Amino acid sequence: MTSNDEYVLEVLQEEGLLSPEQIADVRGNFMAEGTTPLDELIHRGILDPHEVLGILAGRFGMEMISLKDHEIPADAIAALSSEVARKYKIVPILKTEKSLTVALGDPLDVDTLDSLRYLLKCDIEGVVAPPEEIQVAQQKYYTTETNVETMLDQLTEGTVDMVQSGSDTIRESSDVSDADVPIIKLVSLILYEAHRNRASDIHLEPMEKRFRVRVRIDGVLHEVDSPPKRLQSAIISRVKIMANMKIAEKRVPQDGRIQVNIKGSEIDLRVSSVPSCHGESIVMRILDKKSLALGLPNLGFLADDQEVFQRMISLADGILLVTGPTGSGKTTTLYAALNQINRPDRKIITVEDPVEYQLSGINQVHVREEIGLTFASALRSILRQAPNIVMIGEIRDLETARIATEAALTGHLVFSTLHTNDAPSAITRLIDIGIKPFLVASAVRGIMAQRLVRMICPACKEEHKPTVTELRLLGQTAEQVEHIKFFSGRGCAKCALTGYTGRRGIFEILEVNEEIQRMIFDKVASAELRERAREFGMRTLREDGMRKVIAGITTLDEVVRVTMGDES
C-alpha cells in the first residue's frame, strides 16, 4: 500500500488500531505471493485503507482530502504534464504564483515531492488522497492524444467485431484502406469501452478547441479520454458510414442505426446527428438486447408489486399505462412485460417511434410520419390484423388515445406510455386529451408510474447514518428509523468513486377497481383520486423507494433525488 509498510504497522500499533498478536497472526499464516502483512490486514477487513491514509497524513502534517467532489482548476492541470502525473501517480489540485499543490496516494513518498521540486523549479505542497480517486481524476482531466494512442495499442484484433445490417464485416470490406484502420480502431475502442462500462449512450461533442467524448452510466454523464480535435471529422464520418447516414449532408439532423457484436453480445445503437456551431454532434444510444431477457424481479419489483403487475399484464383486455419522464425505463418495462406474455397462441403487434429493440415473435411497426404512417393510422390498420395484444409507444394525441380506448373496449389488451409524474395524473391527462371520463373509467385497467434509482455498489457498501435533512424530506424522524440500518457506497475503483453500480426501478401501481372507476366517471380531482388509491393499498414512488432503502438496495439520497416532485 505504501513505500514503507513496516513503519506503517508500527504507527498503527501506536495508534491502537493493531495489536502485536494480529500482526503475528497474519505473518504466521499463508499470504499470496507479493502480498505484505499490511495488504493482508486490509484484505481481511481489519484495517480500513482510508483510515490508514488519514493517520499517516496526520503524522506527516499533511491534509487528507477527497477528490470525488473536488473541481480542479485548469491552470493547476496545465502546470503538470500527463506523463509526469501518471509516472508519479499524482494529480495537481492548486496552482499559485510560487507553489503547486499535488495530491498523492502515499504520504511516505517524499522522493516524489523532492523530484517535483527539482523538475518544476517551484515549491511543491503535498496533500493525501485515496489512490483510486487520483486515478479517476487523471482519467477525467488528462484527455490527451497520447492517452488515446496508448489505448489503441491495447486494443487487440477481435476485441470488437463491427457488423452493419445487410453487409459483411466492416474490417473485411474491400473499401477500407490502410489510412482508415486507425479511425476504425478508435471508433471500435469508444464503443467497446462504453459497453464494458455499462453506458446507456455515447456523446461525441465538437467543442471550439477540442473534441469531447462523454458516456452516460447509471443516468449520469462522465467524460472519458477524448481523441484529438484533428480526428473529429474522420470519426464523425466513420460513425455516419456505419449508421448508413449521408456523409456529405451536414446541415440537417439525421438518424441511423448500427448493429454491433461486442465479445459475443449483440448490440444495437440508435444514432442521432445534429449540426452544432463547431461540427456535428453525435449521440449513440446503446440498446443491449440482453436487458430484454431480464425477469420482472430484475426490473426492481419486490414480491407484492410483481404479483400485482403480473396480474395486470395477464388481463384479457383493457389499457395498461406506464408513466414517467424520459429516461425512466418505461420502454424497458413494457418490453419485459411483452416477453413475459409472448406465447405462440397470442398475436402481439407494437407501434413505435422508433422501434428500439427487435423482438422475436412480435410484429413491430415503425412510425414514419413523413409518409403518413402515424400512430393513429398504423393503429387503425393493425387492428384489422386481429391482434390479442397491442403496444403503442406513446399516446400523444386525441386520435391515438381514441383508437387505443376503442381497441381496449373491443377485447384487446393495450400497453402504452404517458409522460406524467405519477399514476393518478394519467387519468387526468387522458381526459384533458379529450377522452370522455366514462370511456377512461371503462377502458383503463391499471397505471404504473416509475423512476430509476442507482443501486449501492456491493464492493464498497457500508453502513450510513442518515442526515436530518434526508429524513425530513422523506417525512421520517430519527425515532421512527432508529431500528433501521441504512447503507451507502463509500466509492471505489469498481464504481468510479460514485458509490453506485446499476439501476433498478421504484414503482407506484394504481389498480382501477369499481370505486376508482366511479371516481373517474365523476371527474374527481387527481389529488383526491390519489388519496383514495392509497387507502386501497397504492404506495407512492417515495414510499416504494423507502422500502428499497430499508432493503439495502439504494440510498436515502438517491430516493430523495428522483422523487423531489412527490409531496406525499
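All of these numbers come straight from a predicted model, not from anything done at the bench. All heavy atoms count here, side chains included; hydrogens, waters and symmetry mates do not. Residue indices begin at 1 and follow the sequence shown.
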Candidate pair Val414 and Ile389, rule side chain to side chain contact (heavy atoms under 4.5 Å, CB included), full reasoning: CA-CA 6 Å; Val414 180; Ile389 300 163; over 6 Å; no
side-chain contact (heavy atoms from CB on, under 4.5 Å) partner of Arg547, the single match among Asp544, Ile550, Val549: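 Per the side-chain contact (heavy atoms from CB on, under 4.5 Å) rule, the option paired with Arg547 is Asp544, out of Asp544, Ile550, Val549.
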Given Leu418, Ile433, Asp353, Thr374, the one that forms side-chain contact (heavy atoms from CB on, under 4.5 Å) with Arg396: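 Checked Leu418, Ile433, Asp353, Thr374 against Arg396; only one passes side-chain contact (heavy atoms from CB on, under 4.5 Å): Asp353.
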Inspect the surroundings of [atom1] in [X] and state if more than 12 heavy atoms from other residues, nucleotides or ligands are less than 6.0 Å away.
| X | atom1 | value |
| --- | --- | --- |
| Arg368 | CZ | no |
| Lys250 | NZ | no |
| Glu535 | CD | yes |
| Glu307 | CD | no |

With Ala194 via side chain to side chain contact (heavy atoms under 4.5 Å, CB included) - residues at least two apart: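 For Ala194 the side chain to side chain contact (heavy atoms under 4.5 Å, CB included) partners, ignoring immediate neighbours, are Ala199, Ile202, Val215, Ile286.
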Pair Ser442-Gln517, side-chain hydrogen bond (donor to acceptor under 3.5 Å, both in side chains): steps then yes or no: CA-CA 7 Å; Ser442 301; Gln517 282 182 324; 5.7 Å; no
Are any of the side-chain nitrogens in [X] or [Y] under 4.0 Å away from the carboxylate oxygens of its partner?
| X | Y | answer |
| --- | --- | --- |
| Glu558 | Arg561 | yes |
| Arg445 | Glu511 | no |
| Arg534 | Glu543 | yes |
| Asp557 | Arg454 | no |
| Asp268 | Arg257 | yes |
| Glu394 | Lys330 | no |

side-chain hydrogen bond (donor to acceptor under 3.5 Å, both in side chains), paired with Arg214, selected from Glu223, Glu205, His222: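 Among Glu223, Glu205, His222, the one meeting side-chain hydrogen bond (donor to acceptor under 3.5 Å, both in side chains) with Arg214 is Glu205.
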Residue pairs, two or more places apart or on separate chains, that pass ring-ring contact (aromatic ring centres under 6.0 Å, His included) and touch residues 506-553: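 For residues 506-553: Phe301-Phe507.
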Salt bridge (Lys or Arg N to Asp or Glu O under 4.0 Å) involving Glu352 - partner list, sequence neighbours excluded: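 Glu352 satisfies salt bridge (Lys or Arg N to Asp or Glu O under 4.0 Å) with no other residue.
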For Glu462, salt bridge (Lys or Arg N to Asp or Glu O under 4.0 Å) partners two or more places apart: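 Per chain and number, Glu462 pairs via salt bridge (Lys or Arg N to Asp or Glu O under 4.0 Å) with Arg490.
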Partners meeting side chain to side chain donor-acceptor pair (under 3.5 Å) with Asp397 (sequence neighbours left out):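 Asp397 satisfies side chain to side chain donor-acceptor pair (under 3.5 Å) with Thr400 only.
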Flag for Tyr500-Thr554: side-chain donor and acceptor within less than 3.5 Å: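 Side chains of Thr554 and Tyr500: no pair found under 3.5 Å.
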Side chains of Asp201 and His203, donor plus acceptor under 3.5 Å: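 Yes - a donor-acceptor pair under 3.5 Å links their side chains.
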Can you find a pair of side-chain heavy atoms, one from [X] and one from [Y], that are under 4.5 Å apart?
| X | Y | result |
| --- | --- | --- |
| Gln254 | Glu249 | yes |
| Ile403 | Glu399 | yes |
| Lys347 | Asn363 | yes |

Pairs involving residues 412-433, ordered by first then second residue, that meet salt bridge (charged side-chain N to carboxylate O under 4.0 Å, His left out) (sequence neighbours left out):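 Every pair satisfying salt bridge (charged side-chain N to carboxylate O under 4.0 Å, His left out) with a residue in residues 412-433: Asp422-Arg530.
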Reported CD1-to-CG distance for the pair Ile509 and Asp305, which is rounded to 0.5 angstrom: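 Separation between the atoms: 4.0 Å.
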